[in-house]
**Student:** 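Take a look at this one; I'll ask things after.
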Number of protein chains: 2
Amino acid sequence: MPSNNNYAVESERLEEARNRFITEIAKNIHLYNITPSAGRLYGTVFFSEEPMTLDEMSKALGMSKTSMSTGIRSLLDANMVERVWERGIRKDLYKVEDDWYKSFSNVFINRWRNATELNMSAIQETKEMLYQLRQETTFKDISKKIDTDIEKLTEAENYYHWLTDVIALFETGKIFDIVPKRRDLTKGKNI
Amino acid sequence: MPSNNNYAVESERLEEARNRFITEIAKNIHLYNITPSAGRLYGTVFFSEEPMTLDEMSKALGMSKTSMSTGIRSLLDANMVERVWERGIRKDLYKVEDDWYKSFSNVFINRWRNATELNMSAIQETKEMLYQLRQETTFKDISKKIDTDIEKLTEAENYYHWLTDVIALFETGKIFDIVPKRRDLTKGKNI
DNA sequence: AAGTTTGTTCAGTTAAAACTGTACATAATA
DNA sequence: TATTATGTACAGTTTTAACTGAACAAACTT
(Lines give C-alpha, C1' and ligand atoms only; values in the text may rest on other atoms or scores of the structure.)
Protein backbone atom coordinates (compact mmCIF):
# COMPACT_ATOMS: atom_id res chain seq x y z
CA MET A 1 0.00 0.00 0.00
CA PRO A 2 1.43 3.37 -1.00
CA SER A 3 1.95 6.06 1.63
CA ASN A 4 -0.82 8.58 2.24
CA ASN A 5 0.96 11.76 1.22
CA ASN A 6 1.27 10.66 -2.35
CA TYR A 7 -0.10 12.63 -5.27
CA ALA A 8 -1.56 9.59 -7.02
CA VAL A 9 -3.37 8.47 -3.88
CA GLU A 10 -4.86 11.89 -3.26
CA SER A 11 -5.93 12.23 -6.87
CA GLU A 12 -7.66 8.92 -6.44
CA ARG A 13 -9.45 10.24 -3.34
CA LEU A 14 -10.55 13.32 -5.28
CA GLU A 15 -11.86 11.03 -7.97
CA GLU A 16 -13.76 9.01 -5.38
CA ALA A 17 -15.39 12.09 -3.93
CA ARG A 18 -16.49 13.25 -7.36
CA ASN A 19 -17.72 9.78 -8.09
CA ARG A 20 -20.04 9.86 -5.11
CA PHE A 21 -21.97 12.71 -6.70
CA ILE A 22 -21.73 11.40 -10.24
CA THR A 23 -23.23 8.07 -9.20
CA GLU A 24 -26.21 9.78 -7.59
CA ILE A 25 -26.79 12.04 -10.59
CA ALA A 26 -26.74 8.99 -12.85
CA LYS A 27 -29.38 7.31 -10.70
CA ASN A 28 -31.84 10.19 -10.81
CA ILE A 29 -31.28 11.65 -14.23
CA HIS A 30 -33.97 9.45 -15.77
CA LEU A 31 -36.32 12.21 -14.61
CA TYR A 32 -34.87 14.23 -17.47
CA ASN A 33 -35.36 11.35 -19.87
CA ILE A 34 -31.65 10.73 -19.89
CA THR A 35 -30.03 7.34 -19.54
CA PRO A 36 -27.82 6.58 -16.52
CA SER A 37 -24.79 6.33 -18.80
CA ALA A 38 -25.41 9.79 -20.19
CA GLY A 39 -25.86 10.82 -16.55
CA ARG A 40 -22.36 9.64 -15.72
CA LEU A 41 -21.17 11.46 -18.79
CA TYR A 42 -22.83 14.62 -17.52
CA GLY A 43 -21.19 14.20 -14.13
CA THR A 44 -17.80 13.71 -15.72
CA VAL A 45 -18.10 16.86 -17.80
CA PHE A 46 -19.49 18.68 -14.76
CA PHE A 47 -16.32 18.14 -12.75
CA SER A 48 -13.91 18.56 -15.63
CA GLU A 49 -11.69 21.60 -15.30
CA GLU A 50 -11.76 22.10 -19.05
CA PRO A 51 -14.35 21.51 -21.79
CA MET A 52 -14.03 17.94 -23.01
CA THR A 53 -13.76 16.25 -26.40
CA LEU A 54 -15.53 13.05 -27.34
CA ASP A 55 -12.23 11.20 -27.19
CA GLU A 56 -11.53 12.42 -23.68
CA MET A 57 -14.99 11.40 -22.54
CA SER A 58 -14.55 8.02 -24.15
CA LYS A 59 -11.29 7.50 -22.31
CA ALA A 60 -12.61 8.81 -18.99
CA LEU A 61 -15.63 6.52 -19.01
CA GLY A 62 -14.12 3.56 -20.81
CA MET A 63 -16.90 3.59 -23.33
CA SER A 64 -17.11 3.79 -27.09
CA LYS A 65 -16.93 7.09 -28.89
CA THR A 66 -20.27 6.28 -30.49
CA SER A 67 -21.90 6.17 -27.08
CA MET A 68 -20.31 9.48 -26.19
CA SER A 69 -21.70 10.96 -29.38
CA THR A 70 -25.26 9.85 -28.73
CA GLY A 71 -24.98 10.57 -25.01
CA ILE A 72 -23.76 14.10 -25.49
CA ARG A 73 -26.47 14.68 -28.06
CA SER A 74 -29.19 13.75 -25.60
CA LEU A 75 -27.63 16.10 -23.04
CA LEU A 76 -27.45 18.79 -25.70
CA ASP A 77 -31.13 18.33 -26.57
CA ALA A 78 -31.97 18.71 -22.91
CA ASN A 79 -29.89 21.89 -22.74
CA MET A 80 -27.74 20.32 -20.06
CA VAL A 81 -24.45 20.73 -21.90
CA GLU A 82 -23.34 23.18 -24.51
CA ARG A 83 -20.77 23.20 -27.23
CA VAL A 84 -17.91 25.63 -26.94
CA TRP A 85 -15.20 26.68 -29.36
CA GLU A 86 -11.56 27.15 -28.65
CA ARG A 87 -9.18 28.50 -31.25
CA GLY A 88 -6.81 25.92 -32.64
CA ILE A 89 -8.88 22.94 -31.53
CA ARG A 90 -10.65 21.08 -34.27
CA LYS A 91 -12.53 18.66 -32.07
CA ASP A 92 -15.93 19.50 -30.67
CA LEU A 93 -15.71 20.70 -27.09
CA TYR A 94 -18.48 20.40 -24.52
CA LYS A 95 -19.09 21.87 -21.09
CA VAL A 96 -22.09 21.69 -18.79
CA GLU A 97 -24.70 24.39 -18.98
CA ASP A 98 -24.00 26.10 -15.68
CA ASP A 99 -27.43 27.61 -15.26
CA TRP A 100 -29.19 24.62 -13.74
CA TYR A 101 -32.40 26.62 -13.39
CA LYS A 102 -32.45 27.02 -17.13
CA SER A 103 -31.74 23.34 -17.70
CA PHE A 104 -34.55 22.30 -15.42
CA SER A 105 -37.03 24.75 -16.92
CA ASN A 106 -36.10 23.71 -20.41
CA VAL A 107 -36.64 20.04 -19.72
CA PHE A 108 -39.78 20.65 -17.74
CA ILE A 109 -41.29 22.93 -20.35
CA ASN A 110 -40.41 20.86 -23.39
CA ARG A 111 -41.49 17.53 -22.05
CA TRP A 112 -44.76 18.59 -20.47
CA ARG A 113 -45.84 21.04 -23.10
CA ASN A 114 -45.31 18.54 -25.85
CA ALA A 115 -47.29 15.84 -24.03
CA THR A 116 -50.00 18.31 -23.10
CA GLU A 117 -50.48 19.51 -26.64
CA LEU A 118 -50.65 15.99 -28.01
CA ASN A 119 -53.14 14.92 -25.39
CA MET A 120 -55.31 17.97 -25.97
CA SER A 121 -55.40 17.31 -29.71
CA ALA A 122 -56.36 13.73 -29.02
CA ILE A 123 -59.20 14.92 -26.79
CA GLN A 124 -60.43 17.25 -29.50
CA GLU A 125 -60.39 14.51 -32.09
CA THR A 126 -62.04 12.00 -29.82
CA LYS A 127 -64.76 14.51 -29.03
CA GLU A 128 -65.34 15.14 -32.74
CA MET A 129 -65.78 11.44 -33.34
CA LEU A 130 -68.15 11.19 -30.42
CA TYR A 131 -70.26 14.18 -31.46
CA GLN A 132 -70.65 12.72 -34.93
CA LEU A 133 -71.64 9.32 -33.63
CA ARG A 134 -74.16 10.83 -31.24
CA GLN A 135 -75.85 12.66 -34.10
CA GLU A 136 -76.16 9.46 -36.07
CA THR A 137 -77.03 6.92 -33.44
CA THR A 138 -80.58 5.98 -32.46
CA PHE A 139 -79.60 3.77 -29.54
CA LYS A 140 -80.27 5.41 -26.17
CA ASP A 141 -77.57 3.24 -24.61
CA ILE A 142 -74.91 4.49 -27.02
CA SER A 143 -75.75 8.17 -26.72
CA LYS A 144 -75.76 7.87 -22.94
CA LYS A 145 -72.24 6.44 -23.00
CA ILE A 146 -71.18 9.19 -25.37
CA ASP A 147 -72.47 11.88 -23.03
CA THR A 148 -70.54 10.40 -20.12
CA ASP A 149 -67.38 10.17 -22.20
CA ILE A 150 -67.65 13.76 -23.35
CA GLU A 151 -68.07 14.89 -19.77
CA LYS A 152 -64.96 13.00 -18.71
CA LEU A 153 -62.96 14.38 -21.61
CA THR A 154 -64.05 17.93 -20.84
CA GLU A 155 -62.89 17.45 -17.28
CA ALA A 156 -59.53 16.26 -18.60
CA GLU A 157 -59.39 19.24 -20.91
CA ASN A 158 -59.75 21.61 -17.97
CA TYR A 159 -56.86 19.89 -16.31
CA TYR A 160 -54.68 20.28 -19.39
CA HIS A 161 -55.56 23.95 -19.60
CA TRP A 162 -54.38 24.35 -16.05
CA LEU A 163 -51.21 22.44 -16.81
CA THR A 164 -50.57 24.73 -19.77
CA ASP A 165 -50.83 27.68 -17.40
CA VAL A 166 -48.38 26.08 -15.00
CA ILE A 167 -45.94 25.43 -17.81
CA ALA A 168 -46.26 29.08 -18.86
CA LEU A 169 -45.13 30.04 -15.37
CA PHE A 170 -41.77 28.47 -16.11
CA GLU A 171 -41.67 29.55 -19.72
CA THR A 172 -42.10 33.22 -18.91
CA GLY A 173 -39.82 33.08 -15.91
CA LYS A 174 -42.61 34.26 -13.63
CA ILE A 175 -41.83 31.30 -11.43
CA PHE A 176 -38.72 33.19 -10.28
CA ASP A 177 -40.88 36.02 -8.95
CA ILE A 178 -42.87 33.52 -6.93
CA VAL A 179 -39.98 31.28 -5.92
CA PRO A 180 -36.80 33.36 -6.06
CA LYS A 181 -33.49 31.80 -6.97
CA ARG A 182 -31.32 31.07 -3.99
CA ARG A 183 -28.24 33.16 -3.60
CA ASP A 184 -24.99 31.58 -2.57
CA LEU A 185 -25.35 31.72 1.21
CA THR A 186 -21.72 30.86 1.93
CA LYS A 187 -20.41 33.92 0.17
CA GLY A 188 -22.00 36.30 2.66
CA LYS A 189 -22.91 38.91 0.10
CA ASN A 190 -26.55 39.06 -0.80
CA ILE A 191 -26.99 41.51 -3.65
CA MET B 1 -70.45 -5.51 -44.39
CA PRO B 2 -73.23 -4.92 -41.86
CA SER B 3 -75.59 -1.96 -42.25
CA ASN B 4 -74.70 1.31 -40.56
CA ASN B 5 -77.57 1.51 -38.10
CA ASN B 6 -76.45 -1.57 -36.32
CA TYR B 7 -75.66 -1.64 -32.62
CA ALA B 8 -72.48 -3.67 -33.02
CA VAL B 9 -71.10 -1.28 -35.63
CA GLU B 10 -71.81 1.79 -33.54
CA SER B 11 -70.32 0.19 -30.45
CA GLU B 12 -67.26 -0.41 -32.53
CA ARG B 13 -67.16 3.25 -33.52
CA LEU B 14 -67.48 4.27 -29.89
CA GLU B 15 -64.58 1.97 -29.11
CA GLU B 16 -62.55 3.54 -31.90
CA ALA B 17 -63.14 7.03 -30.58
CA ARG B 18 -62.11 6.01 -27.10
CA ASN B 19 -59.10 4.29 -28.55
CA ARG B 20 -57.91 7.50 -30.15
CA PHE B 21 -57.48 9.05 -26.71
CA ILE B 22 -56.20 5.89 -25.05
CA THR B 23 -53.42 5.56 -27.60
CA GLU B 24 -52.26 9.11 -27.01
CA ILE B 25 -52.32 8.68 -23.24
CA ALA B 26 -50.23 5.53 -23.60
CA LYS B 27 -47.66 7.42 -25.63
CA ASN B 28 -47.13 10.21 -23.15
CA ILE B 29 -47.61 8.49 -19.83
CA HIS B 30 -43.91 7.70 -19.55
CA LEU B 31 -43.71 11.20 -18.06
CA TYR B 32 -45.32 9.68 -15.01
CA ASN B 33 -42.85 6.81 -15.03
CA ILE B 34 -45.56 4.49 -16.24
CA THR B 35 -45.17 2.02 -19.07
CA PRO B 36 -47.26 2.40 -22.24
CA SER B 37 -49.09 -0.83 -21.43
CA ALA B 38 -50.11 0.49 -18.04
CA GLY B 39 -51.09 3.64 -19.90
CA ARG B 40 -53.52 1.72 -22.07
CA LEU B 41 -54.78 0.09 -18.93
CA TYR B 42 -55.38 3.51 -17.44
CA GLY B 43 -57.26 4.62 -20.53
CA THR B 44 -59.42 1.52 -20.45
CA VAL B 45 -60.38 2.05 -16.83
CA PHE B 46 -60.87 5.76 -17.55
CA PHE B 47 -63.65 5.10 -20.07
CA SER B 48 -65.21 2.18 -18.25
CA GLU B 49 -68.71 2.88 -17.02
CA GLU B 50 -68.09 0.75 -13.95
CA PRO B 51 -65.05 0.03 -11.78
CA MET B 52 -63.15 -2.89 -13.25
CA THR B 53 -61.72 -6.13 -11.94
CA LEU B 54 -58.36 -7.56 -12.94
CA ASP B 55 -60.11 -10.24 -14.98
CA GLU B 56 -62.12 -7.67 -16.89
CA MET B 57 -58.98 -5.67 -17.63
CA SER B 58 -57.17 -8.79 -18.71
CA LYS B 59 -59.98 -9.62 -21.12
CA ALA B 60 -60.33 -6.04 -22.40
CA LEU B 61 -56.63 -5.71 -23.19
CA GLY B 62 -55.89 -9.30 -24.10
CA MET B 63 -53.05 -9.42 -21.63
CA SER B 64 -52.17 -11.64 -18.71
CA LYS B 65 -53.68 -11.10 -15.31
CA THR B 66 -50.17 -10.81 -13.94
CA SER B 67 -49.55 -7.79 -16.13
CA MET B 68 -52.81 -6.24 -14.98
CA SER B 69 -51.76 -6.76 -11.40
CA THR B 70 -48.39 -5.07 -11.82
CA GLY B 71 -49.83 -2.42 -14.11
CA ILE B 72 -52.60 -1.44 -11.76
CA ARG B 73 -50.13 -1.33 -8.90
CA SER B 74 -47.94 1.18 -10.70
CA LEU B 75 -51.03 3.29 -11.36
CA LEU B 76 -52.02 2.94 -7.74
CA ASP B 77 -48.58 4.06 -6.57
CA ALA B 78 -48.89 7.10 -8.80
CA ASN B 79 -52.32 7.84 -7.32
CA MET B 80 -53.85 7.59 -10.76
CA VAL B 81 -56.35 4.89 -9.92
CA GLU B 82 -57.98 3.94 -6.68
CA ARG B 83 -59.52 0.82 -5.27
CA VAL B 84 -63.21 0.86 -4.56
CA TRP B 85 -65.45 -1.56 -2.73
CA GLU B 86 -68.83 -2.77 -3.76
CA ARG B 87 -70.93 -4.97 -1.51
CA GLY B 88 -71.20 -8.51 -2.71
CA ILE B 89 -68.17 -8.35 -4.98
CA ARG B 90 -65.12 -10.21 -3.77
CA LYS B 91 -62.77 -9.14 -6.51
CA ASP B 92 -60.74 -5.97 -6.25
CA LEU B 93 -62.34 -3.11 -8.14
CA TYR B 94 -60.48 -0.15 -9.56
CA LYS B 95 -61.52 3.20 -10.97
CA VAL B 96 -59.47 6.19 -12.08
CA GLU B 97 -58.72 8.92 -9.61
CA ASP B 98 -60.92 11.63 -11.06
CA ASP B 99 -58.98 14.52 -9.59
CA TRP B 100 -56.30 14.79 -12.24
CA TYR B 101 -54.79 17.80 -10.48
CA LYS B 102 -54.16 15.61 -7.49
CA SER B 103 -52.66 12.85 -9.63
CA PHE B 104 -50.29 15.23 -11.33
CA SER B 105 -49.24 16.90 -8.10
CA ASN B 106 -48.66 13.57 -6.45
CA VAL B 107 -46.45 12.30 -9.23
CA PHE B 108 -44.62 15.58 -9.57
CA ILE B 109 -44.00 15.88 -5.85
CA ASN B 110 -42.96 12.30 -5.20
CA ARG B 111 -40.61 11.95 -8.11
CA TRP B 112 -38.83 15.26 -7.83
CA ARG B 113 -38.66 15.46 -4.07
CA ASN B 114 -37.16 12.02 -3.83
CA ALA B 115 -34.52 12.76 -6.47
CA THR B 116 -33.80 16.16 -4.95
CA GLU B 117 -33.25 14.74 -1.49
CA LEU B 118 -30.95 12.02 -2.74
CA ASN B 119 -28.91 14.48 -4.79
CA MET B 120 -28.63 16.89 -1.90
CA SER B 121 -27.37 14.15 0.40
CA ALA B 122 -24.84 13.17 -2.22
CA ILE B 123 -23.65 16.75 -2.44
CA GLN B 124 -23.26 16.93 1.34
CA GLU B 125 -21.27 13.73 1.42
CA THR B 126 -19.09 14.70 -1.51
CA LYS B 127 -18.37 18.02 0.16
CA GLU B 128 -17.41 16.27 3.39
CA MET B 129 -14.94 14.08 1.52
CA LEU B 130 -13.53 17.11 -0.26
CA TYR B 131 -13.16 19.18 2.94
CA GLN B 132 -11.29 16.34 4.59
CA LEU B 133 -8.97 15.86 1.64
CA ARG B 134 -8.24 19.56 1.46
CA GLN B 135 -7.17 19.59 5.10
CA GLU B 136 -4.79 16.72 4.51
CA THR B 137 -3.31 17.52 1.14
CA THR B 138 -0.15 19.49 0.60
CA PHE B 139 -0.43 19.68 -3.15
CA LYS B 140 -1.49 23.11 -4.42
CA ASP B 141 -2.91 21.52 -7.54
CA ILE B 142 -5.21 19.22 -5.58
CA SER B 143 -6.52 21.88 -3.23
CA LYS B 144 -7.21 24.17 -6.16
CA LYS B 145 -9.31 21.51 -7.83
CA ILE B 146 -11.12 20.90 -4.56
CA ASP B 147 -12.02 24.57 -4.21
CA THR B 148 -13.45 24.64 -7.71
CA ASP B 149 -15.44 21.48 -7.07
CA ILE B 150 -16.88 22.83 -3.82
CA GLU B 151 -17.92 25.99 -5.59
CA LYS B 152 -19.71 24.01 -8.28
CA LEU B 153 -21.42 21.82 -5.73
CA THR B 154 -22.58 24.83 -3.74
CA GLU B 155 -24.09 26.27 -6.89
CA ALA B 156 -25.91 22.99 -7.45
CA GLU B 157 -27.07 23.04 -3.85
CA ASN B 158 -28.70 26.43 -4.37
CA TYR B 159 -30.54 25.05 -7.34
CA TYR B 160 -31.83 22.11 -5.33
CA HIS B 161 -32.99 24.45 -2.57
CA TRP B 162 -34.96 26.36 -5.16
CA LEU B 163 -36.41 23.13 -6.56
CA THR B 164 -37.46 22.13 -3.05
CA ASP B 165 -39.32 25.41 -2.77
CA VAL B 166 -41.04 24.82 -6.11
CA ILE B 167 -42.08 21.35 -5.02
CA ALA B 168 -43.50 22.82 -1.81
CA LEU B 169 -45.70 25.04 -3.96
CA PHE B 170 -47.48 21.92 -5.19
CA GLU B 171 -47.31 20.11 -1.88
CA THR B 172 -49.08 22.88 0.01
CA GLY B 173 -51.55 23.53 -2.77
CA LYS B 174 -50.38 27.14 -3.02
CA ILE B 175 -49.95 26.57 -6.74
CA PHE B 176 -53.75 26.72 -7.02
CA ASP B 177 -53.78 30.26 -5.66
CA ILE B 178 -51.26 31.25 -8.31
CA VAL B 179 -52.68 29.18 -11.15
CA PRO B 180 -56.35 28.55 -10.40
CA LYS B 181 -58.06 25.37 -11.50
CA ARG B 182 -60.11 25.77 -14.63
CA ARG B 183 -63.84 25.55 -14.23
CA ASP B 184 -65.90 23.65 -16.72
CA LEU B 185 -66.54 26.38 -19.28
CA THR B 186 -69.22 24.46 -21.17
CA LYS B 187 -71.51 24.31 -18.16
CA GLY B 188 -71.97 28.07 -18.03
CA LYS B 189 -72.10 28.29 -14.28
CA ASN B 190 -69.01 29.70 -12.67
CA ILE B 191 -69.33 29.34 -8.93
C1' DA C 1 -61.99 -27.64 8.36
C1' DA C 2 -62.17 -28.48 3.26
C1' DG C 3 -62.79 -26.42 -0.97
C1' DT C 4 -62.85 -22.12 -3.92
C1' DT C 5 -61.69 -17.89 -5.42
C1' DT C 6 -58.52 -14.24 -6.05
C1' DG C 7 -54.13 -11.65 -6.23
C1' DT C 8 -49.21 -12.01 -6.25
C1' DT C 9 -44.47 -14.21 -6.49
C1' DC C 10 -41.17 -16.27 -9.24
C1' DA C 11 -38.63 -18.43 -13.12
C1' DG C 12 -38.43 -18.42 -17.81
C1' DT C 13 -39.31 -16.10 -22.22
C1' DT C 14 -39.94 -12.40 -25.34
C1' DA C 15 -39.39 -7.62 -26.64
C1' DA C 16 -36.91 -3.20 -26.29
C1' DA C 17 -33.09 -0.38 -25.36
C1' DA C 18 -28.28 0.48 -24.81
C1' DC C 19 -23.78 -0.25 -26.43
C1' DT C 20 -19.92 -1.42 -29.70
C1' DG C 21 -16.96 -1.54 -33.91
C1' DT C 22 -16.83 -0.87 -38.64
C1' DA C 23 -17.66 1.90 -42.36
C1' DC C 24 -18.84 6.15 -44.15
C1' DA C 25 -19.35 11.32 -44.91
C1' DT C 26 -17.71 15.72 -44.04
C1' DA C 27 -14.40 19.04 -43.19
C1' DA C 28 -9.73 20.47 -42.17
C1' DT C 29 -4.76 20.32 -43.51
C1' DA C 30 -0.86 19.92 -46.53
C1' DT D 1 -6.15 17.43 -55.02
C1' DA D 2 -4.62 13.93 -51.79
C1' DT D 3 -4.39 12.98 -47.03
C1' DT D 4 -5.71 13.05 -42.43
C1' DA D 5 -8.85 13.90 -38.70
C1' DT D 6 -13.40 13.87 -36.71
C1' DG D 7 -18.31 12.84 -35.80
C1' DT D 8 -22.23 9.90 -36.97
C1' DA D 9 -25.16 5.92 -39.30
C1' DC D 10 -25.78 1.39 -39.23
C1' DA D 11 -25.77 -3.63 -38.29
C1' DG D 12 -24.88 -6.79 -34.89
C1' DT D 13 -24.43 -7.86 -29.94
C1' DT D 14 -25.27 -7.42 -25.15
C1' DT D 15 -27.97 -5.80 -21.45
C1' DT D 16 -32.24 -4.47 -19.43
C1' DA D 17 -37.16 -4.29 -19.03
C1' DA D 18 -41.70 -6.16 -19.99
C1' DC D 19 -44.62 -9.98 -20.19
C1' DT D 20 -46.43 -14.75 -19.37
C1' DG D 21 -47.95 -19.14 -17.08
C1' DA D 22 -47.51 -22.05 -13.26
C1' DA D 23 -47.35 -22.41 -8.49
C1' DC D 24 -48.37 -20.35 -4.18
C1' DA D 25 -50.63 -17.76 -0.26
C1' DA D 26 -54.40 -15.44 1.72
C1' DA D 27 -59.07 -14.87 2.32
C1' DC D 28 -63.69 -16.06 1.54
C1' DT D 29 -67.53 -19.69 1.30
C1' DT D 30 -69.79 -23.66 2.66
**Student:** Over how many whole Å does the gap from A:Ile72 atom CD1 to D:dT6 atom C1' extend?
**Tutor:** 15 Å

**Student:** Below 4.0 angstrom, N of the basic side chain to O of the carboxylate: do B:Lys127 and B:Glu157 qualify?
**Tutor:** yes

**Student:** Using atom CG of B:Leu54 as one end and atom P of C:dT9 as the other, report the distance to the nearest whole Å.
**Tutor:** 13 Å

**Student:** Quick one: B:Ile34 CD1 to D:dA17 C1', roughly how many Å, whole number?
**Tutor:** 15 Å

**Student:** Taking C-beta and beyond as the side chain, do A:Arg83 and A:Lys95 meet within less than 4.5 Å on heavy atoms?
**Tutor:** no

**Student:** Between A:Trp85 (CH2) and D:dG7 (P), how many Å, whole number?
**Tutor:** 13 Å

**Student:** Closest approach to the side chain of A:Ser37, judged atom by atom: which nucleotide of D:dC19, C:dT8, C:dA18 is it?
**Tutor:** C:dA18

**Student:** Where each residue is assigned the nucleotide of DNA chain C containing its nearest heavy atom, which of A:Met68 and B:Asp55 is assigned the position nearer the 5′ end?
**Tutor:** B:Asp55

**Student:** Return the value, rounded to whole Å, for the distance between atom CE of B:Met52 and atom P of C:dG7.
**Tutor:** 13 Å

**Student:** On DNA chain D, nearest-nucleotide positions of A:Arg90 versus A:Thr66: which is more 5'?
**Tutor:** A:Arg90

**Student:** For A:Ser67, report the nucleic acid contact type (base, sugar-phosphate, nothing); a contact means any heavy atom under 4.0 Å.
**Tutor:** base

**Student:** May I have the distance from A:His30 (atom NE2) to D:dT16 (atom P), rounded to whole angstrom?
**Tutor:** 16 Å

**Student:** Can you confirm whether the side chains of B:Ser64 and B:Ser67 place a donor and an acceptor under 3.5 Å from each other?
**Tutor:** yes

**Student:** Once you round it to whole Å, what is the distance between P of D:dA17 and CG of B:Asn33?
**Tutor:** 11 Å

**Student:** Of the nucleotides C:dG7, D:dC19, C:dT20, which one has an atom closest to the side chain of B:Ser69?
**Tutor:** C:dG7

**Student:** Give the rounded distance in Å between these two atoms: CG of A:Leu41 and P of C:dT20.
**Tutor:** 12 Å

**Student:** Under a 3.5 Å threshold, yes or no: a donor from one side chain and an acceptor from the other, between B:Ser103 and B:Glu97?
**Tutor:** no

**Student:** Name the one of A:Leu76, A:Leu41, A:Leu75 that satisfies side chain to side chain contact (heavy atoms under 4.5 Å, CB included) with A:Tyr94?
**Tutor:** A:Leu76

**Student:** OP1 or OP2 of D:dT6 sitting under 4.0 Å from any side-chain N/O of A:Lys65?
**Tutor:** no

